[in-house]
Q: 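Okay, handing you the structure first.
Atoms within a ligand are numbered from 1 in the order they appear, just like the ligands themselves.
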Amino acid sequence: MDGSGDARRITIYRPEDFAGMRAAGHLAAKTLDMIGQHVRPGVSTDELDTIAHDYMLANGAIPACLGYRGYPKTLCISINHVVCHGIPSDRRLVSGDIANIDVTVILDGWYGDSSRMYCAGPPSTKARNLIEVTYEALMLGIAAVKPGAHFGDIGHAIQRFVEGNRYSVVRDFCGHGVGRRFHEPPNVLHYGKPGEGPELKPGMFFTIEPMVNAGRPEVKVLDDGWTAVTRDRSLSAQFEHMVGVTETGVEIFTLSPTGLDKTPYPAA
Ligand code: MF3
Ligand code: CO
Ligand code: CO
């Protein structure tokens, strides 16, 4: 699907549905805040996965990824040149690793989906700059969200900024409608032209989750059927927020309650 597809298939949620998304998004954000306290050199990605799994259950939620299309874990943890869908394992983080951690909960039937970048020890200047540009790209995409705008406006804002910084936007994965289902129409592309694609209307809920590569945009999926890596083995970064279109603009459902949306960098 190219994202310009049938606008009629996009769910328009009711004003009272925002409360469900707010609660699910808030729990996803709290999970990301919590897991950040455990990210350090020496921790295995399986250990992080177990901590997040138990936290979701303790908060009355179901881990959405576990068993989703056969996915075996609660989190996706995508280290360095892994673009997305890295599977937690006995791999231990080492100082200098950067990782995206992607959390999806189901709370009272509503999906809460968000991801951020984390650093195990101080990152290289290159890694840090990639993370900064990726975060800024997400926020520029969100700033384009308002009734009457088009999905292409979001993609264009992201692509223009990323390529202006001589990085590339991954084409093979995109954001998505979300709500009572994990992945709904439309595909939310992180590249495009102003005015392209469906028009944004109040009550549309979707993710914006740009993946940005330091090198070329091409990815390949490993034999495990999930792990997507950069073909040129360049570093990759990603941030994801879940948003709703309001009458006047946008509501971000997945903001950190403690201001940790943007990656904190550990000191040396
Ligand atoms: N959370 C991812 C997203 O942003 C989807 C992960 S699907 C899984 O859409 F099966 F890999 F968990
Ligand atoms: Co998503
Ligand atoms: Co996600």
Q: Could you tell me whether Arg14 and Asp17 have a side-chain N and a carboxylate O separated by less than 4.0 Å?
A: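 The answer is yes: the pair qualifies as a salt bridge.
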
Q: Starting from Leu140, can I reach Ile252 by hopping between I/L/V/M/F/W/Y residues whose side chains sit under 4.5 Å apart?
A: yes

Q: Residue by residue, ordered by chain and number, which ones reach under 4.0 Å of ligand 1 with a heavy atom?
A: Cys65, Tyr68, Tyr71, Cys76, His85, Asp102, Thr104, Asp113, His176, Phe182, His183, Glu209, Trp226, Glu240

Q: If you draw the axis of the six-membered ring of Tyr265, does the NZ or CZ of Arg128 fall within 45° of it and under 6.0 Å from the ring centre?
A: yes

Q: Name the orientation class of the two ring planes belonging to Tyr68 and His183 (parallel below 30°, tilted from 30 to 60°, perpendicular beyond 60°).
A: tilted

Q: Hey, are the side chains of Asn59 and Leu57 touching, using non-hydrogen atoms and a 4.5 Å cut-off?
A: no

Q: If I take every N, O or S atom of His176, is at least one of them less than 2.8 Å from the Co ion (ligand 2)?
A: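 Within the cut-off used here (under 2.8 Å), His176 does place an N, O or S atom near the Co ion (ligand 2).
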
Q: Report, as a single number, the protein N, O or S atoms less than 2.8 Å from the Co ion (ligand 3).
A: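 There are 4 of them.
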
Q: Is it the case that more than 12 heavy atoms not belonging to Arg171 sit under 6.0 Å from its CZ atom?
A: yes

Q: For Gly175 versus His190, what's the shortest heavy-atom pair and its separation?
A: N-CE1, 3.3 Å

Q: Would you say the ring centroid of Tyr191 lies under 6.0 angstrom from that of His156?
A: no

Q: Taking 4.0 angstrom as the limit, do Arg9 and Glu184 come out as a salt bridge?
A: no

Q: Hey, which of Phe18, Trp110, Phe206 is the one that makes ring pair (Phe, Tyr, Trp, His ring centres under 6.0 Å) with Tyr13?
A: Trp110

